[in-house]
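What follows is a set of notes on a single structure, which appears directly below.
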Protein chains: 2
Amino acid sequence: MLNRVHLNGLRAVETVARLGSLAGAAAELSVSVSAVSQQVKRTEKQLGQALFERTPGGLVPTEFGAAFTARLSAGFRELAQAVALANETNECTLVVSVAPAFASKWLLPRLSRHFARHPNVLLRIDASARVADLDRSDIDIAIRLGDGKWPGGRAELLLAQEVFPVCAPSIAAKLKSIGDLAQTCAITDERAMFSWDGWFEAAGVEPVTFQKGARFTDPMLCLESAIAGHGVMLAWQLLTADALADGRLVAPFGIRAESGLGYWLVTSATKSESRKVRDFKAWIREEIEATMAQFRALDSAA
Amino acid sequence: MLNRVHLNGLRAVETVARLGSLAGAAAELSVSVSAVSQQVKRTEKQLGQALFERTPGGLVPTEFGAAFTARLSAGFRELAQAVALANETNECTLVVSVAPAFASKWLLPRLSRHFARHPNVLLRIDASARVADLDRSDIDIAIRLGDGKWPGGRAELLLAQEVFPVCAPSIAAKLKSIGDLAQTCAITDERAMFSWDGWFEAAGVEPVTFQKGARFTDPMLCLESAIAGHGVMLAWQLLTADALADGRLVAPFGIRAESGLGYWLVTSATKSESRKVRDFKAWIREEIEATMAQFRALDSAA
DNA sequence: ATAGCCATCCAGTTTTTCTAAAGTGAACGG
DNA sequence: CCGTTCACTTTAGAAAAACTGGATGGCTAT
């Protein structure tokens, strides 16, 4: 039905009818009077109906034109509301894409503080393994582990990640030296992006062979398993922060290895950075800093 | 609010969301898939929000996209209804512009027969003195007295008009010869397009000077005045048809003068002739014919 | 008269939109 | 495993639509 008419023409007609003059409509649509005049005329032709009476004082809707434009106004009002909704949503909800483990082990426990500071920003956490294209999804920010190379994204380093062994305190009690690891089970994340070799190298010792232990495809399960005392796992700094702070886990030996990777904050290279994104960035840096201070406190206590 | 987005893009988005695929939308909008794809992408950019998730199976609205397109659908439905209304009105109502006198003295009494024949066509009679531009008003047909020259209009002769004196029967009784007119009052239409001289010439007699009589600016009032027996008026054939038929008026002397003018049916030269217009034309010609037959019957009775 | 509105027309330019054709990438089917 | 299909994207160039600015013409009020 709408195929035979041009939408812009309808919009011109609606605006003219509402404002009562071409000049007014031209101003609202920010085009020239001439352009509006032509649009109106074309639309009348397409409809096969005159919509306005040309009087010396200006354009006056015909009987039919008045009924018609009333309908149009309702329609365009609806469209405008939809767009307004978009802008509002745009400003007020922030979609953050993170890996599930990061979300649950570090981000979620801190989120209430973001809400306290920015009560009008609604956060939506998209916790999925795959990294969606930032330009083609409604994701504003992705927080991902990697080397900082994201094609088509603007990446900022949040924190270079170190890896180190962690385990339940009960197990740590039996670990007097690195060699004792041979008597413990290794909890392995099959999808991990690093291996024990790196850590042994950083510790300056020959690699130790573990007892066979549990294997998972999810870092979160590894962490739970370690807390449950099933063995030793090689963990990312940030994911263990809270468990270390409250003593559910401990980090024996105190030796940490650079992983060469880090947590990066990635935003679309094409979209311009909005207020909500800036605010979130500032907030998360403070949280990172607080977590690091926690680490330092633990270190010096040890 | 709507200024920052392109309407066509919104339409593309709405259609894709409703039909669930680019291909479907492309068919409905009768453009290529590619065009729709581009429109959707541009709109997402303008909104600063992704509206669809690109999955292998096709485009799936994001959470926000679903809410957004629901609104859009409502808006476009409204617009479509407006346009549908236009088409319907277009087909079903016929606007006829006529002079008030012609409307009331000839057209209106016959209109019920048009309705009987075309019950679904709603007639609107625009009875005004000024002749509006047919291209720039919603008038489908104008019936006007003139010489057939209408710039920018397609004119067809309905009936060449003759003029002749008419008066109430009581006055006619006193008129044995044309000379007796000198003892009667003339009822004058100050805006008339012809004068008595033409009729006297057609009658082949010297002009007669009347008694002073009433003067009007409206042919309808002249006619009423003549019926009331205030004098003799020089009248158009068609306008007096009914009054002559039922005897309220009579035409003494039986001499008629060509006026050089006629009733013309004028339609826009640019708009194509629609069904309702053709039907109306056919109907009015039949009515004219019937009226003329009436005249001939009166003539032969005399 | 003359200036000021309002709208229209016209011609040329800019912008948008569309198409066609090649390309991607996931899923399907032998 | 290879080739096909499906659904969408990309690109470049062509076509269509929209816009501008200046000229024009009617009407109103000084």
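Here is how names work: the chains are called A, B, and so on, in the same order as the sequence lines, proteins then strands, and each is numbered from 1.
Map T55(A) and N8(A) each onto its nearest nucleotide of DNA chain C; the residue landing nearer the 5' end is T55(A). Nearest-nucleotide assignment on DNA chain D puts the 5′-proximal partner with P56(B), out of P56(B) and S30(A).
For dT16(C), the base has no donor-acceptor partner in the side chain of Q38(B) [N/O atoms by modelled type, under 3.5 angstrom]. Taking only distance into account, the side chain of S21(A) never meets the base of dA7(C) through a donor-acceptor pair shorter than 3.5 Å. At a cut-off of 3.5 angstrom, counting only N and O atoms as typed in the model, there is a donor on one side and an acceptor on the other between the side-chain of S34(A) and the base of dG21(D). Side-chain to base pairing of Q39(B) with dT16(C): no donor and acceptor N or O lie closer than 3.5 Å to each other.
No side-chain donor-acceptor contact under 3.5 Å links Q46(A) to the backbone of V5(A).
OP1 or OP2 of dT8(C) sits under 4.0 Å from a side-chain N or O of R54(A). Between K41(A) and dC9(C), a side-chain N or O to OP1/OP2 separation shorter than 4.0 Å is present. Using a 4.0 Å cut-off, some side-chain N or O of R42(B) falls inside it from OP1 or OP2 of dT17(C). At dC18(C), none of the side-chain N or O atoms of S32(B) fall inside 4.0 Å of OP1 or OP2 (strictly under the cut-off).
dG26(D) atom P lies 18 Å from atom CG of L22(A), rounded to whole Å. In this structure, CG of L59(A) is placed 14 Å from C1' of dC27(D), rounded to the nearest angstrom. The separation between E44(A) atom CD and dT8(C) atom C1' is 12 Å, rounded to whole Å. Atoms CD (Q46(A)) and C1' (dA17(D)) sit 11 Å apart, rounded to a whole Å. Atom P of nucleotide dT19(C) and atom CG of L29(B) are separated by 10 Å, given to the nearest angstrom. A straight line from NE2 of H6(A) to C1' of dC19(D) spans 15 Å, rounded to a whole angstrom. Here the P atom of nucleotide dC19(D) and the CD atom of E28(A) are 14 Å apart, to the nearest Å. In this structure, the CG atom of L7(A) is 13 Å from the C1' atom of dT17(C), given to the nearest Å.
Between D140(B) and the options K276(B), R124(B), R275(B), K281(B), a salt bridge (Lys or Arg N to Asp or Glu O under 4.0 Å) holds for only K276(B).
Of the candidate nucleotides dT17(C), dC19(D), dT9(D), dC19(D) has the atom nearest to the side chain of A35(A). Minimum atom distance to the side chain of V31(A) is reached by dT20(D), of the listed dT20(D), dA7(C), dT9(D).
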Pair up each side-chain donor or acceptor in residues 100-108 of chain A with any protein partner under 3.5 Å, not counting sequence neighbours, and list the distances.
from, atom 1, to, atom 2, distance (Å)
K105(A), NZ, E224(A), OE2, 2.5
W106(A), NE1, T291(A), OG1, 3.1

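Taking the six-membered ring for Trp and the full ring otherwise, the centers of F194(B) and W236(B) sit less than 6.0 Å from each other.
Residue pairs meeting the side chain to side chain donor-acceptor pair (under 3.5 Å) criterion with at least one partner in residues 15-27 of chain B, sequence neighbours excluded, are E14(B)-R18(B), R18(B)-E28(B).
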